[in-house]
Structure formats: C-alpha cells, structure tokens
2 protein chains.
Amino acid sequence: MSRHTIALESPTPERAVEILRKSILGSRTSIIVGRCIVKYRGRAESFLGEGDRVIILKPDGSLLVHKASKREPVNWNPPGSIHRVYLKEGKVIVESIRRRPRETIFIELSEVYFVGSFKLIDEECIMITGTEKDVVDIIFRSPEVIEKGFKPLYREMSTKYGKIDIFGVDEKGRAVVIEVKRRKADLSSVSQLLRYVESVRESTNSPVRGILVAPDCSASARLFLKSHNLEFRKVMFK
Amino acid sequence: MSRHTIALESPTPERAVEILRKSILGSRTSIIVGRCIVKYRGRAESFLGEGDRVIILKPDGSLLVHKASKREPVNWNPPGSIHRVYLKEGKVIVESIRRRPRETIFIELSEVYFVGSFKLIDEECIMITGTEKDVVDIIFRSPEVIEKGFKPLYREMSTKYGKIDIFGVDEKGRAVVIEVKRRKADLSSVSQLLRYVESVRESTNSPVRGILVAPDCSASARLFLKSHNLEFRKVMFK
DNA sequence: GCCTAGGTCCCGTTT
DNA sequence: AAACGGGGCCTAGGC
C-alpha cells in the first residue's frame, strides 16, 4: 500500500479508519469529506453541530476542518499535534491533541462521503515580494525617499519597549525613529511609533523625531500623530 | 450529474476541467490534488515552484492552496473571488480573481492526481466560549473582580483615538478606562490602553485611571504600564 | 521556552 | 466603503 494516491468514495467506517491510520503512519496527507460534529477545548471552547465539511490531516500534525465557506477553517490544530482515528459505536472518530497549550479537537463523523490519502512531494517554498521588509530595503538603499540628508543606521533596533523598524539621524544630526507599514497606517501604527520614540527619549536628552512611513494613513491616525508632533511620510512601493 | 459526491483519480486534463466547471457552476466545493506552480499578484506578489498541493475551491468564492505542512494556505483568495478553470497547452489552469483589492491567483497543474466535487450541506454555525467578550461580560456581572466599588458604565465606548473595552467609575468617582485581554497582555496591549486613557484625558481635567485586565502580563509590558502610572489587574476566566 | 511584530492577515461590527 | 479591533489568530525571528 504505497501508492501515491488512494481515494475512496463512501467507504465503510472500518475501511475509512484503516485508510486514515495508514495515511497518518505513512506521513501522508489525508482528506475526509463527510458529515460530522466538532468539539474543541483549549484556549477557548467550541461546539459545531452536524453538517458536511472537508477535513485535512497533514503529516506535520496540522488539522483543518473547513466549512463550505470562508477562507478560515472553522476548527483546527496547528503543526505538531497528534492525530488519532478510531471507530466508536460504528462511527469514525478523528481526534487531535496539541500539548502546550493543551488543545483537543474531537470530530465524530456520522457519514463519510469520501476519504483520500496522498503522498505529496514538495520541495519548493514560496517567494514573496512586496512585504514590509522590501519597503525597509528601499529606504536603506534610497534614504532620500524619507528626506534629503536622512541617514538610516539600524534596523530592528531593540529598545526597552520594542523594536524600531529603522533608526537613523537627520541632516541636523537629530535621532529619527521610523515605523514602516506596507499598507494604510492606523491608530495602532501610531501607538507603536509613539512607544518607540518614548523609549528612545527615555535614554537621551537630545531631540528625537518620529516618522510614520506608509502608502496612506487614516484620518484619526493623522490626528493622533499631530497631537504628539510625529510626522507622516507617504511612500508608495507599488 | 447532481450526485452529492464526484471523485476521480488521475483524470485526464479534459475530464478534470469538465468536472471542475460543473462543480463551480453547481455551487459545489471542489478539491484538487496535483502537481502545480502558483503565481499570485495583488497586495503583494509571490511565486511558488512546482510541487504537490491540495487546492480547494469553495462555492462562496474562496480559494485555498495548501502545502503538506502548516495550518495556513500558501496561497489563497478570500470569499467573493471569481474562479475560472480551463485547458492551456494540455494543462489544467485554475485562475482566481478578486476585485477590490484586485488580486489574482494563477495555478498551472502539470499533473492532476485527484479531483473531487462535493455538495456540502451545512446549516450549523460554530458556538464559541472563552472569548474576550465573555471576559467583559464577567466584569459587567461582577465588577468587584476589578475592585470594590467599581461601576462599569459603557462597553466599546468610542473616543477620538479608538474604542474603550470598558469605561466606568471607581469608588471615588474617578473615570476608569479598562482594556481587556483574554490572553497574556503585551506591549501593544499597554499601548492600546494608553491611547484610550490619553483620549479621555484630552476631554476632561478630572483624573483618569487606566487598568489593563488580563490573565497575565509580560515583564516589559509591566514596566511600560508603571512608567505611565497605569494598573494591571489579573483576571483568570478559565 | 518567551517575547515581539508582521500578515496578501481574516473577520465581524459599526459608522 | 472605511475604520477599528479581536483572533483558539498563525508564523517567523531573537534571545
């Protein structure tokens, strides 16, 4: 039983359990489509009444329960969880346990429409551009997008109250704290910047400027910036 | 072709396209397991080289591309996106377009190991307990968990700089701003509280207290609280 | 292990 | 539509 693909429509509960157990043992990805209830207990607690869902068990210990809508799984366990599949009163049970924090998922399937087991070969990892890091790179390569004479010195500089995206000095040698956002900045972006500026001010008597860099900024965030004499610099990164 | 379950191992590209198109038209949930590359362009941009993945197309327009590891899809489009499936040079192509913001996913399948189409019936929605709202409820029902004489007045009270979880008054009639966290509070929790306290102070000359309520608090968050004369109240909600 | 912060965050709610 | 904040957020990177 080492075929890369095993797929079975309307399996008996016994057969479903057999396939799923071998799938888990064999580090394969399992897919179940069926009618089920789901109980969760851990950081929070939830109950999901009977309905049709797609369940995915990954070889890294992730568990996903998807409804027919939304991007998010309705229930899940992250990588590292332990999966168990067994029969109880003629029904297929899927259990997933995570330790630290302890969280348990209990799935009771009243019907299994489909069960599949797949050996997925995938060495590739995703390449992403357009993240905050890319914006920071741009600023280090072309500091003039902030202003003439700006000199970036450190990135991810640790302070008492968090890490500064970019720390540098302006034309006049004043300290400059920059918080970068890849999308429209909001109140929490300003709060962040304010926290870092304060942190730097606690350790010096010299003036410290704070600049929020983003493609846009909400109205209330702008007001909040002004009330603390912080600045906004629009930087589009395309 | 209105069976609730359609499942096919190693379909020809033509047959896969046929099944998927009918699945989309019929508001069914589609599952593809196959070898593919994925290109994404939108708020950011990404490329994923050839590998085996699980692709889910939901009738609400969600698209998920899952690798064999992690809880998160490697690529996705949220509900409301439009899916198209077609043949190109003998390969199955799955395209998903979202407008506002415009985002496109392009999936080229070099091999299809499995294709399934399912009519999922699901009227149930999840019941969750142990959320922040539950903690706020506890405080409104038993204000003494904050302190003797505390009177909660409003929840989600809007201010210039955001919404206060709980606004109330203490035994001595002083304004009290409470920020509630259902898990360990961190620096950003304190930033939030500070922002709301400031906002209230801007509109009064009377003293304003700020209390962070959480099951725990990080060391640096505690320091940050102290530096602004804000308070921490441990509340477990179990 | 904890802490910090980003994310193509998603998502619900309110304005 | 924008804005605001929660989430069982998840995930990566430091320490």
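Values below: every heavy atom of this structure, side chains too, minus hydrogens, waters and symmetry copies. Lettering follows sequence order; numbering is per chain, from 1.
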Point to revise | Side-chain touch B:D165/B:Y196, heavy atoms, less than 4.5 angstrom | key: no

Check your understanding: Is a donor-acceptor contact shorter than 3.5 angstrom present between the side chain of B:N75 and the base of C:dT8?
Key ->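 Answer is yes: a donor-acceptor pair is held.
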
So what does [X] hit on the nucleic acid, given a heavy-atom distance under 4.0 Å: a base, only sugar-phosphate, or nothing?
| X | result |
| --- | --- |
| B:N77 | nothing |
| A:I105 | base |
| B:P73 | nothing |

Nearest-angstrom distance from the residue atom [atom1] of [X] to [atom2] of [N]:
| X | N | atom1 | atom2 | result |
| --- | --- | --- | --- | --- |
| B:R155 | C:dG12 | CZ | P | 20 Å |
| A:F237 | C:dG7 | CZ | C1' | 12 Å |
| B:D216 | C:dT4 | CG | P | 12 Å |
| B:K58 | C:dC11 | NZ | C1' | 13 Å |
| A:I128 | C:dG6 | CD1 | P | 16 Å |
| B:L63 | C:dC10 | CG | P | 13 Å |
| B:I97 | C:dT8 | CD1 | P | 20 Å |
| B:E72 | D:dT11 | CD | P | 5 Å |

Point to revise | C:dT8 versus D:dG14 - spacing of their C1' atoms, nearest Å | key: 25 Å

**Study point:** Pairwise C1' distance, D:dG8 and C:dT14 [rounded to whole Å]
**Key:**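 About 25 Å, rounded to a whole number of Å.
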
Review point. Among A:R209, A:R222, A:R174, which one satisfies salt bridge (charged side-chain N to carboxylate O under 4.0 Å, His left out) with A:E231?
Key: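 Of all the options given, the one that passes is A:R209.
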
Check your understanding: When the nearest nucleotide of DNA chain D is assigned to A:K184 and to B:R71 on a heavy-atom basis, which residue is associated with the more 5' position?
Key -> A:K184

Point to revise | Separation of A:S46 OG from A:N75 CG (nearest 0.5 Å) | key: 4.0 Å

Practice item. To the nearest 0.5 angstrom, please state how far the NE2 atom of B:H66 sits from the OG1 atom of A:T29. Key: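 Separation between the atoms: 11.0 Å.
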
Review point. Cut-off 3.5 Å, side chains only: do B:N77 and B:S62 have a donor facing an acceptor?
Key: no

Check your understanding: Hey, are A:S117 and A:R28 close enough side-chain-wise for a donor-acceptor pair under 3.5 Å?
Key ->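 There is such a pair between these side chains.
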
Check your understanding: In terms of the nearest nucleotide of DNA chain C, which residue is placed more toward the 5' end: B:P78 or B:C217?
Key -> B:C217

Practice item. Can you tell me the pairing partner of D:dC15 across any strand shown, Watson-Crick or G-U wobble, with both distances under 3.5 angstrom? Key: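 Pair assignment: D:dC15 / C:dG1.
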
Which atom pairs link the protein and nucleotides 4-7 of chain D when you take only N or O atoms and keep those under 3.5 Å?
| from | atom 1 | to | atom 2 | distance (Å) |
| --- | --- | --- | --- | --- |
| D:dC4 | OP1 | A:S220 | OG | 2.3 |
| D:dC4 | OP2 | A:S218 | OG | 3.2 |
| D:dC4 | OP2 | A:S220 | OG | 3.3 |
| D:dG5 | OP1 | B:K163 | N | 2.9 |
| D:dG5 | OP1 | B:Y196 | OH | 2.6 |
| D:dG5 | OP2 | B:R195 | NH1 | 3.3 |
| D:dG6 | OP1 | B:E179 | OE2 | 3.0 |
| D:dG6 | OP1 | B:K181 | NZ | 3.1 |
| D:dG6 | OP1 | B:Q192 | NE2 | 3.1 |
| D:dG6 | OP2 | B:K181 | NZ | 3.3 |
| D:dG7 | OP1 | B:E132 | N | 2.9 |

**Study point:** side chain to side chain contact (heavy atoms under 4.5 Å, CB included) between A:T159 and A:K163, intermediate numbers included
**Key:** CA-CA 6 Å; A:T159 73; A:K163 293 179 212 164; over 6 Å; no

